[in-house]
Number of protein chains: 2
Amino acid sequence: MTREEITDGRNLRSIATKKRLLEASKELFYENGFEKTTITQIIKRAGTGYGTAYVYFKGKDEILTSLIEDVMQEFLDMANTPFAPATKQEAKTLIHKQVLLFLNMANENHQIMKVFSEAIGLSSTVDSKWNEIRETNIHYITRDITYSQSQGLARTDLQANLVARFWFFANENYQWEVVHKKNTASIEEIAKTLTDMYVDGLYIM
Amino acid sequence: MTREEITDGRNLRSIATKKRLLEASKELFYENGFEKTTITQIIKRAGTGYGTAYVYFKGKDEILTSLIEDVMQEFLDMANTPFAPATKQEAKTLIHKQVLLFLNMANENHQIMKVFSEAIGLSSTVDSKWNEIRETNIHYITRDITYSQSQGLARTDLQANLVARFWFFANENYQWEVVHKKNTASIEEIAKTLTDMYVDGLYIM
DNA sequence: AAAGATATTGACACTGTGTCAACTAAACAA
DNA sequence: TTGTTTAGTTGACACAGTGTCAATATCTTT
């Protein structure tokens with residue numbers, strides 16, 4: 001209820017310290033990746049003592065999660081987009097837009113996403129965060145497919161949740177390719193191919 | 001040319017030592033995973049001295065790669081299966097069979113595959129090994145799609161290599177689900193859904 | 001200015017890796 | 001058989017990184 005905005009000198013200092021630690025971490029993660037960055041490197045660049053890092057964060061993991069929180073929220077928000085097409089063509093347009101959004105977000109945040117992808121598998125916290133994003137996305141895709149099926153737009157002989165995973169997995173992997181700048185085709189081309197395959201495979205007519 | 005089968009007592013002993021190290025490693029990897037297993041644990045179970053492990057392997061990575069070599073070869077071999085369907089229906093049958101093979105192999109070798117998946121991202125050697133498998137598979141899938149396109153069986157408005165990645169990515173992720181026993185549906189159901197979506201999206205008629 | 005509260009610090013204990021000089025044991029030569 | 005060489009084994013050591021905590025510094029309040 002009451003926003004405790006205690007802003008005496010000490011508090012301001014501690015806020016600044018935490019910020020310096022985060023800034024330094026971000027820089028180092030971008031430069032050398034997550035694993036190769038050590039706490040010692042971070043505190044040196046931030047100009048603090050070793051123990052200070054552990055005052056603000058439980059460890060390297062928590063520093064990273066702190067840094068990626070915003071991007072992850074974007075991903076979660078993006079998942080729940082209104083979807084109520086009346087025709088197959090309309091569905092295609094909506095889905096295409098969605099794929100583009102997804103891939104472009106990956107592209108724009110490729111630096112932090114790269115660190116993120118490295119940390120999946122390295123840190124169980126990051127891992128479960130990504131799984132949350134995954135399952136949330138799949139959940140909403142399933143909902144959209146079910147809707148299309150109920151409208152007679154999509155074939156009903158396929159299980160919505162299985163198709164949803166299929167679709168998300170393909171998107172996810174292309175996303176990582178984009179993040180690592182390994183994509184052999186342009187984002188636009190990728191989006192077009194993915195959408196065409198998907199919609200023509202799932203939708204009727 | 002000349003197979004140097006020196007099998008004096010010393011050599012036999014060293015072979016046995018290496019084998020013991022591999023056995024112990026396998027057991028521990030299965031029990032506690034790759035990362036949590038330490039060299040000390042391994043040499044204790046193998047009944048050797050600490051340094052001995054480093055005589056036979058450069059480190060934990062090399063022990064693992066040694067253990068997964070066989071499975072990986074299987075994956076590589078599997079990729080290059082004859083594919084020359086005359087009709088869409090025939091293509092569907094062949095592809096369905098292939099997906100089943102892929103997922104079943106993952107299922108049968110789920111223990112070692114689980115360790116494998118953990119080590120991807122943790123070890124650059126393992127990572128690049130998996131990438132090799134990936135690219136090889138995608139290469140052959142691309143070849144098959146191109147063939148189908150040339151036969152007038154598949155639509156030509158989609159880039160074969162992009163579709164191939166799309167397809168492989170979906171398979172790969174389902175494979176990991178199977179490996180981690182996270183799959184929500186049976187292997188048969190998964191294979192059916194994947195194949196239907198894919199073939200109906202890509203093939204004509 | 002003394003006391004109290006908060007923030008900062010680096011030395012320390014701990015875990016794990018990889019190396020290497022010393023050691024042991026088998027094979028061979030005389 | 002014994003001495004020598006060669007192959008195989010070993011654990012102590014140096015090193016790198018983590019996380020903790022008692023001591024210290026700095027700011028705020030009385």
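So you know, we letter chains A, B, ... as the sequences are listed, proteins then strands, and number each from 1.
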Of the non-hydrogen atoms in A:Ala119 and A:Leu64, which two are nearest, and what is the gap between them?
->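 It is CB-CD2, 3.2 Å.
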Between [X] ([atom1]) and [N] ([atom2]), how many Å, whole number?
X: A:Lys18; N: C:dT8; atom1: NZ; atom2: C1'; result: 16 Å
X: B:Ile43; N: C:dT17; atom1: CD1; atom2: C1'; result: 13 Å
X: A:Asp61; N: D:dG17; atom1: CG; atom2: C1'; result: 14 Å
X: B:Asn11; N: D:dT6; atom1: CG; atom2: P; result: 17 Å
X: B:Arg13; N: D:dA7; atom1: CZ; atom2: C1'; result: 8 Å
X: A:Leu28; N: D:dG17; atom1: CG; atom2: P; result: 13 Å
X: B:Ile42; N: C:dG16; atom1: CD1; atom2: C1'; result: 12 Å
X: B:Lys19; N: D:dT9; atom1: NZ; atom2: C1'; result: 20 Å

Below 3.5 Å, can you tabulate the donor-acceptor pairs from side chains in residues 100-111 of chain B to any protein atom, sequence neighbours excluded?
from	atom 1	to	atom 2	distance (Å)
B:Asn104	ND2	B:Leu100	O	3.1
B:Asn107	OD1	B:Lys181	NZ	3.2
B:His110	ND1	B:Asn107	O	3.1

Shortest side-chain distance from [X], nucleotide among [options]:
X: A:Thr48; options: C:dT9, C:dA7, C:dT17; answer: C:dT9
X: B:Val55; options: D:dT10, C:dT17, C:dA7; answer: D:dT10
X: A:Tyr54; options: C:dT17, D:dT18, D:dC27; answer: D:dT18
X: B:Ser14; options: D:dT9, C:dA7, C:dT9; answer: D:dT9
X: A:Tyr50; options: D:dG11, D:dG8, D:dT20; answer: D:dT20

Relative orientation of the end axes in the helix from C:dA1-D:dT30 to C:dA30-D:dT1, expressed as an angle to the nearest 10° (five pairs per end) = 30°
Tell me what A:Phe57 touches on the nucleic acid: a base, only sugar-phosphate, or nothing, going by heavy atoms under 4.0 Å.
-> nothing
I'd like to know if the side chain of [X] and the backbone of [Y] have a donor-acceptor N/O pair within less than 3.5 Å.
X: A:Ser66; Y: A:Ile63; answer: no
X: B:Thr37; Y: B:Gly33; answer: yes
X: A:Gln98; Y: A:Met78; answer: yes

side-chain N/O A:Thr38 vs D:dG17 OP1/OP2, d < 4.0 Å = no
Looking at A:Thr17, does any N or O in its side chain come under 4.0 Å of the phosphate oxygens OP1/OP2 on C:dT8?
-> yes
Given that B:Gly49 and A:Ile39 both sit by DNA chain D, which one's nearest nucleotide is further toward the 5' end?
->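 Result of the comparison: B:Gly49.
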Do B:Arg10 side-chain and C:dA26 base share a donor-acceptor contact under 3.5 Å?
-> yes
Salt bridge [X]-[Y], side-chain N to carboxylate O under 4.0 Å:
X: A:Glu35; Y: A:Lys60; result: no
X: A:Lys36; Y: A:Glu118; result: no
X: A:Lys26; Y: A:Glu31; result: no

